[in-house]
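Worksheet: one structure, shown below.
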Amino acid sequence: MNIHEYQAKAILKDFGVPVSRGVAAFTPEAAEAAARALGGIAFVVKAQIHAGGRGKGRFRELPEGAKGGVRVVRTPAEVKANAAEMLGNTLVTLQTGPEGKQVNRLYVEEGALIDKELYLSMLVDRATSRVAFVVSTEGGMDIEAVAHATPEKIHTFSVDPATGIQPLHGHKVAQALGLSGDLGRQAVALTEGLYRAFTQKDMSLLEVNPLVVTKDARLVCLDAKVGFDANALFRHSDVAQLRDESEEDFKEIEASRYDLSYIALDGTIGCMVNGAGLAMATMDIIKLYGREPANFLDVGGGATKEKVTAAFKIITADPNVEGILVNIFGGIMRCDVIAEGVIAAVRQVGLKVPLVVRLAGTNVDEGKKIIRESGLNVIPADDLDDAAQKIVTAVKKEAA
Ligand code: ADP
Ligand code: MG
């Protein structure tokens with residue numbers, strides 16, 4: 001689960017991590033009031049969307065050459081005017097995809113006088129099973145481009161969970177960022193605070209780009225992008241409350257409502273499978289036969305008819321889906337329940353694309369019977385290989 005920059009900064013602040021002062025605003029009037037309350041001689045109006053690259057982004061509704069999603073202005077009146085221009089409009093950035101994201105919230109922040117822009121991120125490194133830091137002196141820009149062009153400018157190290165965070169980790173960060181003296185000490189404190197926030201709040205990703213050195217020699221997180229491990233949200237009700245459903249794929253919201261593990265992908269074959277391993281194998285074999293999966297979907301072990309119906313609706317709601325492959329190996333899951341769910345969903349939402357169903361395991365005969373007697377145009381398959389070939393062939397035929 002992702003949150004907005006202003007929310008991420010509030011959490012970091014609780015852990016003693018230095019961030020700029022700011023106030024969230026939902027209307028131009030509130031943005032102006034926020035600027036007055038902050039005071040000072042420069043304000044930054046920042047679009048709050050769950051995507052980076054806002055500064056270099058472009059508003060679809062505004063003329064070419066208009067400012068992007070991060071605007072530095074001088075007065076509260078200018079804050080208001082810029083807020084009015086941004087709110088309700090669609091910001092397109094490198095990370096939003098061409099459809100962009102509507103801006104419904106702003107963050108009004110005090111303007112910082114920047115000396116240097118650095119990069120720091122943290123993630124869970126699966127290779128080492130540890131929390132890793134990634135730091136670079138090349139902050140403020142597209143870090144993927146830096147990694148590509150000058151990989152030697154990116155430093156990575158991980159923290160042994162047995163020792164936890166130690167001053168030596170902070171020293172590594174300071175050294176990699178070329179910070180010494182008092183700034184070096186600030187880097188040590190910052191590293192510790194970020195690590196505590198990351199682990200205590202069960203974050204899965206934290207990216208500070210840029211981390212800046214100000215002209216008055218302070219280290220400040222000027223941007224913050226944070227994601228949380230969804231499986232740990234049950235122990236962070238404060239974090240769960242920050243969820244902004246308007247930022248999420250509605251298919252994924254529906255899926256989480258029914259406790260389905262669903263991930264939207266770019267392909268054309270919708271998949272409904274039980275078990276993550278079988279789901280992965282199904283996706284692989286679709287690729288092997290020349291198509292791409294439209295989603296990952298694990299309906300889980302003890303799915304009910306309602307859950308299967310919801311899953312099927314989510315798959316068919318994806319306009320890119322040209323065919324659907326249901327692949328169930330009934331262990332705890334019963335094939336007749338799956339069959340009933342599929343039939344119920346097809347009756348409700350209709351079936352405009354070919355559907356291949358492969359059932360095996362518990363109550364397979366009942367399942368097959370339900371599908372056979374439904375009168376619906378379902379293509380039965382015997383095994384995974386057969387099922388994948390059949391759906392790919394059916395989709396090709398449909399297109400011809
Ligand atoms: P994004 O990464 O989505 O473009 P950032 O928060 O990183 O958004 O802002 C983009 C750039 O705007 C930063 O690299 C920095 O140069 C500038 N900026 C952001 N916030 C401030 C601020 N409070 N004061 C001064 N400059 C800022
Ligand atoms: Mg940024």
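Count residues from 1 along the sequence. Counting convention: from 1, in listed order, for ligands and their atoms alike.
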Problem set entry | Test log, rule side chain to side chain donor-acceptor pair (under 3.5 Å), inputs T282 and N327 | CA-CA 8 Å; T282 306; N327 182 24; 3.0 Å; yes
Exercise. Looking at atom 25 (C) of ligand 1, would you say a protein heavy atom lies below 4.0 Å from it?
Worked result: yes
For this session: Would you mind checking if D386 and R358 are paired as a salt bridge, meaning a charged N to carboxylate O distance below 4.0 Å?
Result: no
Exercise. What do the steps show when you test R71 against E85 for salt bridge (charged side-chain N to carboxylate O under 4.0 Å, His left out), and what is the final call?
Worked result: CA-CA 11 Å; R71 302 178 173 195; E85 222 179 81; 3.0 Å; yes
Problem set entry | Nearest neighbour in protein (non-hydrogen) for atom 22 (C) of ligand 1 | V44 CG2, 3.3 Å
Problem set entry | Reference residue M86; test side-chain contact (heavy atoms from CB on, under 4.5 Å); the match among N104, L62, L106 | L106
Exercise. Do NZ/NE/NH1/NH2 and the carboxylate oxygens of R54 and E5 come within less than 4.0 Å?
Worked result: yes
Problem set entry | For atom 23 (N) of ligand 1, closest protein heavy-atom neighbour | E109 OE1, 2.7 Å
Exercise. Taking only heavy atoms of P210, which atoms of ligand 1 are found under 4.0 Å from at least one of them?
Worked result: 7 (O), 13 (C), 14 (O)
Problem set entry | Protein heavy-atom partner closest to atom 17 (C) of ligand 1 - residue, atom, separation in Å | V70 CG1, 4.4 Å
Problem set entry | Enumerated ligand 1 atoms positioned under 4.0 Å from heavy atoms of G53 | 1 (P), 2 (O), 3 (O), 4 (O)
Exercise. For ligand 1, is N209 a contact, meaning one of its heavy atoms is under 4.0 Å away?
Worked result: yes
Exercise. Can you get from L260 to I269 by hopping between Ile, Leu, Val, Met, Phe, Trp and Tyr side chains that sit under 4.5 Å apart?
Worked result: no
Exercise. Who's the nearest protein heavy-atom neighbour of atom 16 (O) of ligand 1, and how far?
Worked result: E117 OE2, 2.4 Å
For this session: Considering the heavy atoms of A112, write down every atom of ligand 1 situated less than 4.0 Å from one of them.
Result: 22 (C), 24 (N), 25 (C)
For this session: Please assess K56 against D142 for the test salt bridge (charged side-chain N to carboxylate O under 4.0 Å, His left out), listing each intermediate value before the final yes or no.
Result: CA-CA 10 Å; K56 295 206 174 75; D142 180 4; over 6 Å; no
Exercise. Among all protein non-hydrogen atoms, which one is nearest to atom 1 (P) of ligand 1, and what is the separation to 0.1 Å?
Worked result: R54 N, 3.5 Å
Exercise. When you measure from the side chain of K369 to the backbone N and O of V364, does any donor-acceptor pair fall under 3.5 Å?
Worked result: no
Problem set entry | Carboxylate-amine/guanidinium contact K313 E254, below 4.0 Å | no
Exercise. What protein atoms of element N, O or S are positioned under 2.8 Å from the Mg ion (ligand 2)?
Worked result: N209 O, D223 OD2
Exercise. Near L222, which atoms of ligand 1 are under 4.0 Å from a heavy atom of that residue?
Worked result: 6 (O), 18 (N), 20 (N), 21 (C), 22 (C), 23 (N), 26 (N), 27 (C)
For this session: Just jot down the ligand 1 atoms closer than 4.0 angstrom to any heavy atom of G111, in number order.
Result: 24 (N)
Problem set entry | 4.0 Å heavy-atom contact, E110 with ligand 1 | yes
Exercise. Got a sec: does the NZ of K153 have more than 12 other heavy atoms crowding it under 6.0 Å?
Worked result: no
For this session: Give the residue and atom name of whichever protein heavy atom lies nearest to atom 2 (O) of ligand 1, and the separation in Å to one decimal.
Result: D223 OD2, 3.1 Å
For this session: Could you tell me whether K9 and E109 have a side-chain N and a carboxylate O separated by less than 4.0 Å?
Result: yes
Seminar exercise, completed: Under 4.0 Å from one or more heavy atoms of G52, ligand 1 contributes atoms 3 (O)
Exercise. Can you tell me which residue and heavy atom of the protein come closest to atom 4 (O) of ligand 1, and the distance to 0.1 Å?
Worked result: G55 N, 2.8 Å
For this session: Salt-bridge test for E366 and R334: reply yes if a basic N is under 4.0 Å from a carboxylate O, no otherwise.
Result: no
For this session: Using the rule that two of Ile, Leu, Val, Met, Phe, Trp, Tyr join whenever any of their side-chain heavy atoms come within less than 4.5 Å, decide whether L325 and L288 are in one cluster.
Result: yes
For this session: Using a strict cut-off of 4.0 Å, indicate which atoms of ligand 1 neighbour a heavy atom of I114.
Result: 16 (O), 25 (C), 26 (N)
For this session: Indicate if Y289 and I324 have the same hydrophobic cluster label, given that clusters are the connected sets of ILVMFWY residues with side-chain heavy-atom separations under 4.5 angstrom.
Result: no
For this session: Could you check which of R21, K46, K225 puts a non-hydrogen atom nearest to atom 20 (N) of ligand 1?
Result: K46
For this session: Would you confirm whether T93, through its side chain, and G52, through its main-chain N or O, come within 3.5 Å as a donor-acceptor pair?
Result: yes
